[in-house]
Amino acid sequence: MAQNNWDEIFKFNNDSNVNQLRNIYSTPSWFEILGVDRIEALHSNFIAWFLSNKNLGLNPSDNAMTRFVDVVIKKSKEQLAKEIDSDFINSVASRGIVIKDIDVDKEVSYKDSKKNNRIDLIVTCEICVNNEEKELVLYIENKVGANETFNKSSDQFQTQVYYDQYHEVDDADRIQLFVFLSPYDNAKCDCNEFIKVTYNDLLMYVLKPIANIPAISKHDRCFINEYIRTLGAQVLNHQDMGFVMAITDEEEHAYSEIYRVFSPLFMSAMAAKISERYRKSSPQTKEKWSKKLNEWGLDFVNEPDEQLVAFWDNNSALIKNTIDIAAPQNKGDLLDAINVILKDRTKYTIKYMDEKPRMLNKSHLASEIVNAYILLNGLNENDLDALRRFFNNIREPFILDKKPVQSNERALYDPVNLGTRQIWIPNHCWPAGSRPFERLLKVAGKIEGLTIE
């Protein structure tokens, strides 16, 4: 073991920026534990609750809704979008506006449309501007991990369809704002009438200021802070799902400083891990990785430094997030390599009843274990509670009796038959060395008639 590796790792473990982020990301958020932190419906539901909660603010003129409208006006001016009523802008800026009733509709179908087009949120407010009663309506299209949809039936992108559906001729008593909410600054939005707002705007100008108001309840503050945590970097290495939706300026600065100081250590650790994983692979695979490491000024070695490998294994999530947020010039190349390293391709042989042994990857092993327990014990649709008791404490949730909301990109749960009813078992939460997976194998070892190798 080279002395400089120890010295650099010692410096890393005592770095103030590293410890700051470790304190923030020491545990996954509630929503990440549940596996729903990057599902669009979760974010739409939170925003609906947040904007309609009249208790989140100082008064009817300075609350969550006012601050969100602040951001929409700010972004509208930056993007030179459609001009907004000046009296309305002035009343928001001066906090002279009074927001009365707030009503939020989710996934609203257009009542006159045979095409059943749905926008994510419609927020309707009764407001008072200069002692005049008006109606404020925000149409919000929320995109988390997907691009804007193209509507084939109308041969238009979805935002243009929504604008054509909902926009009405200008009315002095009605103010309409169309908002496109996304994690990305460069998100594509076809209709120029939509004002683009990022989740980082939401975080910096709305969520954090509201969370810091002393008068709000402890429950609401805790919920908002947990949601803020959800927007940031993930702790669990969900394959193909990891991306940062929004982080504070302080966190972004910390990640950038960590990369500036410790990127050589990260690269050495990555090289050690690649060498450790692929040293017994085919000559073609070793040559491929050797060439890749040479591009980065590193070497493929047959006896990698064990301390560097251990450092990688225990810090891979932080390293990946640091590269993602610091965004070096070769960010895409590095993240592609990291995703390959983190992907667990271990195959398991499973056998039960009179079936032949079958090879399964880790993703679908959990559902097969549950299926084996059901068949080996003759369980039926009335035995759901007993099934849950047996698999208790593996993770929460583990057995769902209602079809879950799925990611836009892939199914997150496998269906299993319990007699005449269907249940769903997660396939997305089993990263290498995870405690839930260890608990799953321990429980599987108690199932008589089931063998896993």
Please tell me if the side chains of Lys402 and Trp424 come closer than 4.5 Å, counting only heavy atoms from C-beta onward. no
Check Ile274 against Ile341 and note the closest heavy-atom contact, atom names and distance. CG1-CD1, 3.5 Å
Measure from the side-chain N and O atoms of Arg358 to the backbone N and O of Ile350, and report whether any donor-acceptor pair falls under 3.5 Å. no
Kindly compute the distance separating CD (Gln158) from SG (Cys191), expressed to the nearest 0.5 Å. 11.5 Å
Under 4.0 Å between a side-chain nitrogen and a carboxylate oxygen: does that hold for Arg260 and Glu257? yes
Tell me every residue that passes salt bridge (Lys or Arg N to Asp or Glu O under 4.0 Å) with Asp201, counting only those two or more places apart in sequence or in another chain. Lys75
For the residue pair Phe437 and Tyr348, is the inter-centroid distance of their aromatic rings smaller than 6.0 Å? yes
Are Arg95 and Asp70 close enough for a salt bridge, meaning some N to O gap below 4.0 Å? yes
Nearest-0.5 Å distance, CD1 of residue Ile195 to OH of residue Tyr139: 13.0 Å
Is there a side-chain contact between Leu318 and Tyr25, using heavy atoms and a 4.5 Å cut-off? no
Keeping the roles fixed (side chain from Asn377, backbone from Leu379), state whether a donor-acceptor pair exists under 3.5 Å. no
Side chains of Phe178 and His167: closer than 4.5 Å at any heavy-atom pair? yes
Rounded distance (nearest 0.5 Å) linking atom OG of Ser263 with atom CD1 of Ile319: 11.0 Å
Given the rule in the salt bridge (Lys or Arg N to Asp or Glu O under 4.0 Å) test, do Asp401 and Arg388 qualify, once you have shown the distances and angles that lead to the verdict? CA-CA 10 Å; Asp401 58 347; Arg388 281 186 167 143; 3.7 Å; yes
Nearest heavy atoms of Glu168 and Gln176, plus distance in Å: N-OE1, 3.1 Å
Search all heavy atoms of Phe262 against all heavy atoms of Glu8 and return the closest pair with its distance. CE2-O, 3.8 Å
Among all residues two or more places apart in sequence or in another chain, which pass the salt bridge (Lys or Arg N to Asp or Glu O under 4.0 Å) test with Glu252? none
Is any NZ, NE, NH1 or NH2 atom of the basic residue among Lys196 and Asp185 found under 4.0 Å from an Asp or Glu carboxylate oxygen of the other? no
Mind telling me whether Tyr166 and Tyr162 have parallel, tilted or perpendicular rings, with 30° and 60° as the class edges? tilted
Determine whether a donor-acceptor pair (N or O, by modelled atom type, separation under 3.5 Å) exists between the side chain of Glu381 and the backbone of Thr420. yes
Before giving the answer on side chain to side chain contact (heavy atoms under 4.5 Å, CB included), spell out for Leu450 and Tyr373 the whole-Å C-alpha distance, their side-chain angles and the decisive distance to 0.1 Å. CA-CA 8 Å; Leu450 171 67; Tyr373 183 76; over 6 Å; no
With the threshold set at 4.0 Å, does a side-chain nitrogen-carboxylate oxygen contact exist between Glu438 and Lys442? no
Mind running side chain to side chain contact (heavy atoms under 4.5 Å, CB included) on Arg229 and Thr27 for me, showing each step along the way? CA-CA 10 Å; Arg229 170 67 188 79; Thr27 58; 6.0 Å; no
Determine whether the aromatic ring centres of residues Phe46 and Phe31 are separated by less than 6.0 angstrom. no
For atom CG of Asn131, is the number of surrounding heavy atoms from other residues, nucleotides or ligands below 6.0 Å larger than 12? no
Using modelled atom types only, decide if a donor and an acceptor are shared between the side chain of Arg67 and the backbone of Val206 within a distance under 3.5 Å. no
Indicate yes or no: at least one non-hydrogen side-chain atom of Asp324 is less than 4.5 angstrom from one of Lys331. yes
Pair Thr66-Asn63, side chain to side chain donor-acceptor pair (under 3.5 Å): steps then yes or no: CA-CA 5 Å; Thr66 314; Asn63 51 35; 2.8 Å; yes
Do Asn321 and Tyr255 have side chains that get closer than 4.5 Å, going by heavy atoms? yes
Answer yes or no: is there a side-chain heavy-atom contact under 4.5 Å between Leu202 and Val71? no
Before giving the answer on side chain to side chain contact (heavy atoms under 4.5 Å, CB included), spell out for Trp49 and Phe223 the whole-Å C-alpha distance, their side-chain angles and the decisive distance to 0.1 Å. CA-CA 11 Å; Trp49 169 82; Phe223 190 36; 3.6 Å; yes
When you check the side-chain N and O atoms of Thr248 and Glu251, is any donor under 3.5 Å from an acceptor? yes
Hits for side-chain hydrogen bond (donor to acceptor under 3.5 Å, both in side chains) against Asp336, two or more places apart or cross-chain, chain-then-number order -> none
So, Asn200 side chain and Ile247 main chain: donor-acceptor pair closer than 3.5 Å or not? yes
Would you say Leu181 and Ile47 make side-chain contact, with heavy atoms under 4.5 Å? yes
About how many Å separate CD1 of Ile369 and CD1 of Ile394, when rounded to the nearest 0.5 Å? 7.5 Å
Tell me whether Asp383 contacts the main-chain N or O of Asn380 through its side chain, where contact means a donor paired with an acceptor under 3.5 Å. yes
Gap separating the CG atom of Leu56 from the CG atom of Leu207, nearest 0.5 angstrom: 10.0 Å
Do Leu334 and Met267 come close enough that some side-chain heavy atom pair is under 4.5 Å? yes
What distance separates Asn225 CG from Thr230 OG1, expressed to the nearest 0.5 Å? 10.5 Å
Between Phe311 and Phe12, is the ring centre distance below 6.0 Å? yes
Asn59 side chain to Ser61 main-chain N or O, any donor-acceptor pair under 3.5 Å? yes
Smallest separation among heavy atoms of Thr159 and Asp190, with atom names: OG1-N, 3.6 Å
Taking ring pair (Phe, Tyr, Trp, His ring centres under 6.0 Å) as the criterion, tell me which of Tyr413, Phe390, Phe391 meets it with Phe398. Phe391
For Ile97 versus Ile127, what's the shortest heavy-atom pair and its separation? CD1-CD1, 4.1 Å
So, Asp15 side chain and Lys11 main chain: donor-acceptor pair closer than 3.5 Å or not? no
What's the shortest heavy-atom distance between Phe88 and Asp85, and which atoms? N-OD2, 2.8 Å
The test is side chain to side chain contact (heavy atoms under 4.5 Å, CB included); show your working for Glu135 and Thr124 and say whether it passes. CA-CA 7 Å; Glu135 184 180 63; Thr124 305; 3.5 Å; yes
Taking Asn371 for the side chain and Ser367 for the main chain, is one N or O donor matched with an acceptor at less than 3.5 Å? no
If we check side chain to side chain donor-acceptor pair (under 3.5 Å) with Lys106, which of these qualifies: Asn45, Asp120, Asn142? Asn45
Under a 3.5 Å distance rule, please check whether Asn330 uses its side chain to pair with a backbone N or O of Asp333 as donor and acceptor. no
